[in-house]
Every structure is written in C-alpha cells, then in structure tokens.
Amino acid sequence: YIRTYTVSDECGNTIEFIQIINLIDETDPTVVVPATDIQVECGDEIPAFEPVFADNCDDSLVVTMISAIAYSEDGCTTYISQGWTATDDCNNSVSTGRTITITDTTDPEFDSTPEDEYYSCNAIIPVAEVTASDICDDEVAVDHSDVIIPGSCPSNYTIERTWTAEDNCGNVAEYIQHIFIIDEDFPVFTFVPGPSEFSCEDEIIFGAPIAVDNCSDVTYDHFDNYDYECNNTYQIVRTWIATDVCGHSTTAISYYTVY
C-alpha cells in the first residue's frame, strides 16, 4: 500500500508525505478439524474424512493429501497413514494426519455344522465335511479332535467331536458334535455241539460252542436238564448261554443221549 499525507496552511501552501506500507503474510493456516487416529475391524468400511483448514488471509487454500500402507510381520494388522497439507497463496502451510489401524479379531463362521448322530458299535464312523468362512481369510483351516465319554458298558459310549475353524490370524470358532455309539445286537451262535450219543460207560464229551458278537468278545455259561427213561438211559439237555460285554445274551441247546 502507498499512503499519501497532505498538509495545508490557511494560505493554501501544501506539503506531501508518502508512506509505503508493506503487508506481509507469514502466518500459517490453522487446522479447524484435525485428523485423529482410528481403529477399524478388518472387513468394515473405513470412515471417510476430510480435515477442515482456515487462513486469516486466504479463502482458497490448496489442500494436498498423501497416503502410505504398512503391515505387521504376521500380516494381521494393516496400518494406513494419511496426511493432509493446506497451503495458502503465500506458501505458508500446515499439516494434519492420522493412522488407520485395521485389525482382524473376528472369529470365522462355520458354513454348516454336522448334527448329532447315532451309530451301531460295529459301524465305521464317517467324518463329516465341514467348511468355514472368514471375512478376511479365504482359506480357513478346519480340524477336529475326539474325546471318548464312557457309557453304560464298553460298547456303549459317546464321541464328543470338537470342530475348530481357525483363520490366519489365530481367531478360532468351535462347534461340538456328539456321536452316540450303541450296542443293541446279541451274540450269534455259529456252532453248537451235538446231538450226540454215549454209552453209560463212556465219558460224556460235551464239546464247546462258538458264538460271535459284532462288538465285543463273548463269555460262555451253561446249565443242564436231565430227562430219565430209566437209571442208565437218559437225555442231557444242555443250554448254552453266550453273553457280550453289554449283557446281551443268546442261548442255544445241545442234546446228549446216554444209554
């Protein structure tokens, strides 16, 4: 600015003085709404943000923005650095910035879960195909482990199968499936001795039966009934009993005639 001062006396004599005023803008703009650090869960939308600047001399600030991305060593955390700089027309500037931390703390989710099941004690227990999905991991590892819970007898028990789905950041989901193993079958005789005849002078050889069970070993017992025609002529009726470990029993009969 050039300012001219004029001084006049009552006779019209004048004198002038010129003042030069230099206006200098050395004041940086100010940040009215600064950026602040935020944390976002992986898969969520990052909130949009624009800082607000002001300047005492310039109504049209030039705002530039820069961004950079870094990752943690395990790849489970992402750091996005954003910075904004406002510059006035006299090249005075001010900056503000924020760090967006993106973390993965969300467990995977099973696509489907197997139902509880019942099987005979001699069945081959299938392993279900179970998959899981994760919002940030395309390949979720699914595994299972079994714990045997004893039942009322050795062939009746429960398999407690725990399914685990784990993403690449160690987030784990679990599901427990129960598989009930039941022994409802009875032993079956595959061989029963007799009928046989013996002289009253002979030693009676009763022989031994054979029975099988689809789930366990078999124990044997027996009892005899005698049917006499006379002192030295009679029939022995032997009832064989085969029992499995769960108490299921089957009987078979052998006949031995003594004369």
Side-chain angles (χ1 to χ4, degrees), residues 107-133 140-167 171-200 202-229 233-259:
D107 295 337
E109 292 185 357
F110 288 99
D111 299 324
S112 61
T113 50
E115 297 180 354
D116 293 345
E117 297 176 316
Y118 291 82
Y119 290 96
S120 174
C121 53
N122 66 332
I124 297 175
I125 309 303
V127 178
E129 293 186 6
V130 179
T131 59
S133 301
V140 178
V142 177
D143 201 356
H144 73 275
S145 61
D146 293 341
V147 174
I148 303 300
I149 301 174
S152 58
C153 66
S155 295
N156 287 340
Y157 57 92
T158 300
I159 301 173
E160 186 177 84
R161 179 163 290 173
T162 301
W163 294 93
T164 57
E166 183 174 0
D167 67 15
N171 301 303
V172 176
E174 288 188 351
Y175 172 78
I176 295 179
Q177 175 193 19
H178 292 97
I179 302 172
F180 301 98
I181 308 303
I182 301 174
D183 183 358
E184 295 181 327
D185 297 329
F186 289 73
V188 174
F189 281 94
T190 59
F191 171 75
V192 178
S196 301
E197 294 184 351
F198 298 92
S199 168
C200 61
D202 295 337
E203 178 185 358
I204 299 174
I205 301 174
F206 291 98
I210 300 174
V212 296
D213 186 78
N214 58 359
C215 295
S216 69
D217 294 333
V218 174
T219 59
Y220 297 95
D221 200 358
H222 70 274
F223 63 87
D224 296 333
N225 289 317
Y226 290 79
D227 182 13
Y228 286 92
E229 292 184 12
T233 303
Y234 56 92
Q235 185 179 60
I236 302 173
V237 180
R238 171 160 288 188
T239 300
W240 302 98
I241 306 170
T243 306
D244 67 15
V245 295
C246 286
H248 301 122
S249 296
T250 301
T251 60
I253 296 176
S254 295
Y255 298 93
Y256 306 90
T257 301
V258 179
Y259 57 90

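Source: prediction; values computed, not measured.
Judged by distance alone, with hydrogens and angles left aside, the side-chain atoms of D213 form a donor-acceptor pair with the main-chain N or O of C215 at under 3.5 Å. Under a 3.5 Å cut-off, the side chain of T250 and the backbone N or O of P187 do form a donor-acceptor pair.
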>> Under the criterion side chain to side chain contact (heavy atoms under 4.5 Å, CB included), I'd like the reasoning laid out for Y256 against R238: C-alpha separation, chi angles, the key distance, then a yes or no.
In response: CA-CA 8 Å; Y256 306 90; R238 171 160 288 188; 4.0 Å; yes
>> Please determine whether side chain to side chain contact (heavy atoms under 4.5 Å, CB included) holds for the pair D217 and T219, giving the CA-CA distance in whole Å, both sets of side-chain angles, and the decisive distance to 0.1 Å.
In response: CA-CA 7 Å; D217 294 333; T219 59; over 6 Å; no
>> For a side chain to side chain contact (heavy atoms under 4.5 Å, CB included) check, start with the C-alpha distance between V258 and T233, then their side-chain angles and the critical distance, and finish with the verdict.
In response: CA-CA 5 Å; V258 179; T233 303; over 6 Å; no
> Do I176 and E160 pass the side chain to side chain contact (heavy atoms under 4.5 Å, CB included) test, and can you show the C-alpha distance, the side-chain angles, and the key distance before you say yes or no?
Replying inline: CA-CA 7 Å; I176 295 179; E160 186 177 84; 3.6 Å; yes
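For the pair T164/T162, a side-chain contact is recorded, criterion being any heavy-atom separation below 4.5 Å from C-beta on. When side chains are defined from C-beta on, W163 does not count as touching T113, because their heavy atoms never get closer than 4.5 Å. Counting only heavy atoms from C-beta outward, the side chains of S155 and I181 never approach each other to under 4.5 Å. For the pair N171/P108, a side-chain contact is recorded, criterion being any heavy-atom separation below 4.5 Å from C-beta on. A heavy-atom distance below 4.5 Å is not found between the side chains of H248 and D185. Counting heavy atoms from C-beta on, the side chains of Q235 and Y255 come closer than 4.5 Å.
Counting only N and O atoms by type, the side chains of Q177 and Y175 include no donor and acceptor under 3.5 Å apart. A donor-acceptor contact closer than 3.5 angstrom links the side chains of S254 and W240. No side-chain donor-acceptor contact under 3.5 Å links D244 and S216.
Taken to the nearest 0.5 Å, the CD1 atom of I241 stands 7.0 Å off from the OG1 atom of T239. Atoms CZ and CD, from F110 and E174 in turn, are 8.0 Å apart once rounded to the nearest 0.5 Å. Between Y226 atom OH and I236 atom CD1 the span is 4.0 Å, to the nearest 0.5 Å. Remark: D116 CG to I159 CD1 distance equals 12.0 Å, nearest 0.5 Å.
Closest of all the heavy-atom pairs between P154 and V245 is CD-O, 3.9 Å. The shortest non-hydrogen separation linking V237 to I253 is CG1-CG2, 3.5 Å.
The ring pair (Phe, Tyr, Trp, His ring centres under 6.0 Å) test applied to F223 returns no partner, not counting sequence neighbours. Listed by chain and residue number, nothing satisfies the ring pair (Phe, Tyr, Trp, His ring centres under 6.0 Å) test with Y220 (two or more places apart in sequence, or in another chain). For E197, the side-chain contact (heavy atoms from CB on, under 4.5 Å) partners are T257, Y259, not counting sequence neighbours. Annotation: ring pair (Phe, Tyr, Trp, His ring centres under 6.0 Å) contacts of F198 (sequence neighbours excluded): none.
Heavy atoms from other residues, nucleotides or ligands lying under 6.0 Å from OH of Y228 number more than 12.
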Distance-only criterion, 3.5 Å: show the donor-acceptor pairs between side-chain atoms of residues 142-153 and protein atoms not counting sequence neighbours.
unit_1: D146; atom_1: OD1; unit_2: R161; atom_2: NE; d: 2.8
unit_1: D146; atom_1: OD2; unit_2: R161; atom_2: NE; d: 3.4
unit_1: D146; atom_1: OD2; unit_2: R161; atom_2: NH2; d: 2.9
unit_1: S152; atom_1: OG; unit_2: N156; atom_2: ND2; d: 3.4

Please report, to 0.1 Å, the donor-acceptor pairs under 3.5 Å made by any side chain of residues 120-128, with sequence neighbours excluded.
unit_1: S120; atom_1: OG; unit_2: N122; atom_2: OD1; d: 2.8

